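What follows is one structure encoded as structure tokens, with my remarks underneath.
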2 protein chains.
Amino acid sequence: MNIGEIARRAGVSRSTVSYALSGKRPVAAGTRKRIQDVIDELGYRPNAAARALKEGRTRTIGLVIPPAGRRLSHMQLDFVASVVEAAAGADLDVLLSPSGGDHDRSFEGLVSGSRVDGVILMEIRLEDARVDRLRQAGLPFVGIGHTADDRPMCWIDVDYAGLIRHTVRHLADLGHRKAALINRSPELVASGYGPALRAREGFTAAVAERGLAGVEVACGEDARSGQETVEDLLRDHPGLTAITTINEAALPGIQRALGDAGLTVPRDFSVTGVAAHSWAEDFRPPLTAADVPALEMGQQAVALLIERIAAPSTPPRHILLAPPISLRSSTGAVPSRRDATAG
Amino acid sequence: MNIGEIARRAGVSRSTVSYALSGKRPVAAGTRKRIQDVIDELGYRPNAAARALKEGRTRTIGLVIPPAGRRLSHMQLDFVASVVEAAAGADLDVLLSPSGGDHDRSFEGLVSGSRVDGVILMEIRLEDARVDRLRQAGLPFVGIGHTADDRPMCWIDVDYAGLIRHTVRHLADLGHRKAALINRSPELVASGYGPALRAREGFTAAVAERGLAGVEVACGEDARSGQETVEDLLRDHPGLTAITTINEAALPGIQRALGDAGLTVPRDFSVTGVAAHSWAEDFRPPLTAADVPALEMGQQAVALLIERIAAPSTPPRHILLAPPISLRSSTGAVPSRRDATAG
DNA sequence: TTGTATGCGTTATCAA
DNA sequence: TTGATAACGCATACAA
């Protein structure tokens, strides 16, 4: 089924059908109706490849996700879903591409095969070869996260440093004197993952600013690791009365370990951090935390990318989100008895 | 950068470059090397749209995911990741399409725009209009799940009925006399979601077969709903000593409610069901359950689809997976004191 | 208001 | 062993 067949059946030329569809040239009402009837009857849709070839754009964007081996976090998942949704709203298809590991071929296909009009790049590292590659290819892209260097690029990120700093100040205000940062996985930290390093930065700064004792640990992204990490912390760091974290997947384990140690939150121990809304609400008691606005980020990322595709030579914009910290019930005044953590 | 430019620089014709790339015609070694050098130097990749237009296939498959409003479960997430991975291995791109809600346009674009060579359809309902649409369009597809009617189609599914039946028998063997099935969300049950109805079917059959008292409840797909559901069950059904479930997202809440009620698993209460490996391992104690092999399903689904694309007129195959039930530690003999649940 | 003709980048047929 | 050329389906400049 192609445009010629529609034209033949409607008794008009191919260009008239094309113009009737695009509206870029006036078409007599009667003609238009005749064409539309045939289209409806046959369920015709223009061939995407032919259109892409002719127009020089694919109406498709690429979404580069972290490799499949590591499970995506809820936050990332919400993000993917909202990107797909926002793209659909703008009449854009979304091509998924894993990256990292042995998937360089897939990524290469995206950037050099004229497969997509632009790319959204998830999980950016402080030094990220993919960013260089995209820049070199001249393909419009938006990063979720930003690199360490200050070369201009278009990105949207959460201000992990600022938010973690904020949570530590909150803990200090409540009288806590010793706090731990439970960071993302050792692999991510080692690979220079931006949020992990920036969270560390914010933590270190706030701890110094307020004269707290601070300890930072990396932690696997699952409940079991969270539990072990907190068990270790409680054993090795007497006097610890609070945790802040950006590792949402560890939260159930953190909860479990505190419970096992006989610590009641927030009476005996305070927990806070940055997490997707649903994780914060699922904590018990509900977590005082900055809610990562994953859905909003997806929409904004698509909007930013559309903007860049339309005007690639414009100086790139970026957005640093600092969602407010929702005061829920997981933080409280430091316990009066210092040996509370002795369990 | 196109094939003509490569040809010009290598001093050959366009067809020679094409044949050097595809290997469908012998090319002199020297010529081939000259061409390859130019290609490597310029980083040329054939234009996907032009190739698709000429070949009549897109080397792209569509993955229709559940609507974004409802969060994907971990199992579904693992599945998506493994599909992308398997597709990349077969040199296929993956186009993501939400369905349901107001996304019919996106789905329509997929099926009638010659956008993809085939489709993987997630979360199939017992009656599913999308299946009819794909059949009518003559587009190869593989369902994750299968419809109620017995018209031939290609699918891969987990034998929820059989697995739940199996878990109930296991509970009966341990002496339990009253068990509950915690099903998926009310919305999914109401919409005729296959796994939910087939789990019910297996539960009802096994309960009747072994003469147990059985109660089935739908439950939202989050920890909070799981907790409330179990609280209600314990209150309304004295004598209840076991739960089986296919609602993995409710597991943390189930755990919490049992703990709050002072019940120790498996001494006072048994829990089992069907869940992704990671959920089962995260339960405490580890959940005796059938592990949904999401990664394997993704690979198989892609393999099945490739098979169908290659031979569309072949009678469709299907695969019903019945993973073994991993005996972990969450089920045990029925508590001797009947009023254990009164605690 | 509508029709004709061209070219997007590729693959494959035909000719040499 | 290689080159010239047609065709895939569409959008659009040009003609009428």
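Values in this document were obtained by computation on a predicted structure and should not be read as measured data. Below, read A as the first sequence line, B as the second, and so on, with proteins coming before strands; counting in each chain starts at 1.
- Whole-Å rounding puts the B:Asn2 CG to C:dG7 P distance at 14 Å.
- As a whole-Å value, the separation of B:Leu53 CG from D:dC8 C1' is 4 Å.
- Between B:Tyr44 and C:dT10 there is a side-chain N or O to OP1 or OP2 distance below 4.0 Å.
- A heavy atom lying under 4.0 Å from DNA chain C marks the following residues of residues 14-25 of chain B, by number: B:Arg14, B:Ser15, B:Ser18, B:Tyr19, B:Lys24, B:Arg25.
- Side-chain atoms of B:Asn47 lie closest to C:dG9 of the nucleotides C:dT4, C:dT1, C:dG9.
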Checklist line | side chain to side chain contact (heavy atoms under 4.5 Å, CB included) between A:Arg57 and A:Arg51, intermediate numbers included | finding: CA-CA 8 Å; A:Arg57 64 195 184 107; A:Arg51 171 180 281 185; over 6 Å; no
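- Under a 4.0 Å N-O distance rule, the pair B:Glu108/A:Arg45 does not qualify as a salt bridge.
- Distance CZ (B:Arg51) to P (D:dG9): 18 Å, rounded to an integer number of Å.
- Two end axes, each from the C1' atoms of five base pairs, can be drawn for the helix from C:dT1-D:dA16 to C:dA16-D:dT1; they diverge by 40°, to 10 degrees.
- Nearest nucleotide to the B:Val12 side chain, out of C:dT11, D:dC10, D:dG3: D:dG3.
- Distance CD1 (B:Ile3) to P (D:dT5): 17 Å, rounded to an integer number of Å.
- Within the 4.0 angstrom heavy-atom criterion, no nucleotide atom of any strand lies near A:Ser114.
- Pairing each heavy atom of A:Tyr44 with each of A:Asn2, the nearest pair is CE1-C, 3.7 Å.
- Without hydrogens or angle criteria, A:Arg308 side chain to A:Thr314 main chain gives a donor-acceptor distance under 3.5 Å.
- Atom CZ in B:Arg317 sits 7.0 Å away from atom SG in B:Cys154 (nearest 0.5 Å).
- Summarising the geometry, the separation between CD1 on A:Ile6 and C1' on D:dG9 is reported as 12 Å, rounded to the nearest angstrom.
- There is no side-chain donor-acceptor pair under 3.5 Å between A:Ser18 and A:Ser15.
- Counting heavy atoms from C-beta on, the side chains of B:His318 and B:His146 never come closer than 4.5 Å.
- For the pair B:Arg45 CZ and C:dT10 P, the computed distance is 12 Å after rounding to whole Å.
- Under a 3.5 Å cut-off, the side chain of A:Ser191 and the backbone N or O of A:Leu188 do form a donor-acceptor pair.
- For D:dA7, the base has a donor-acceptor partner in the side chain of B:Lys54 [N/O atoms by modelled type, under 3.5 angstrom].
- Comment: A:Arg59 does not engage A:Asp91 in a salt bridge, judged by the lack of any side-chain N to carboxylate O separation of less than 4.0 angstrom.
- Separating the CZ atom of B:Arg115 from the P atom of D:dG9 is a distance of 16 Å, rounded to the nearest angstrom.
- At whole-Å resolution of the value, CD in B:Glu55 and P in D:dA7 are 18 Å apart.
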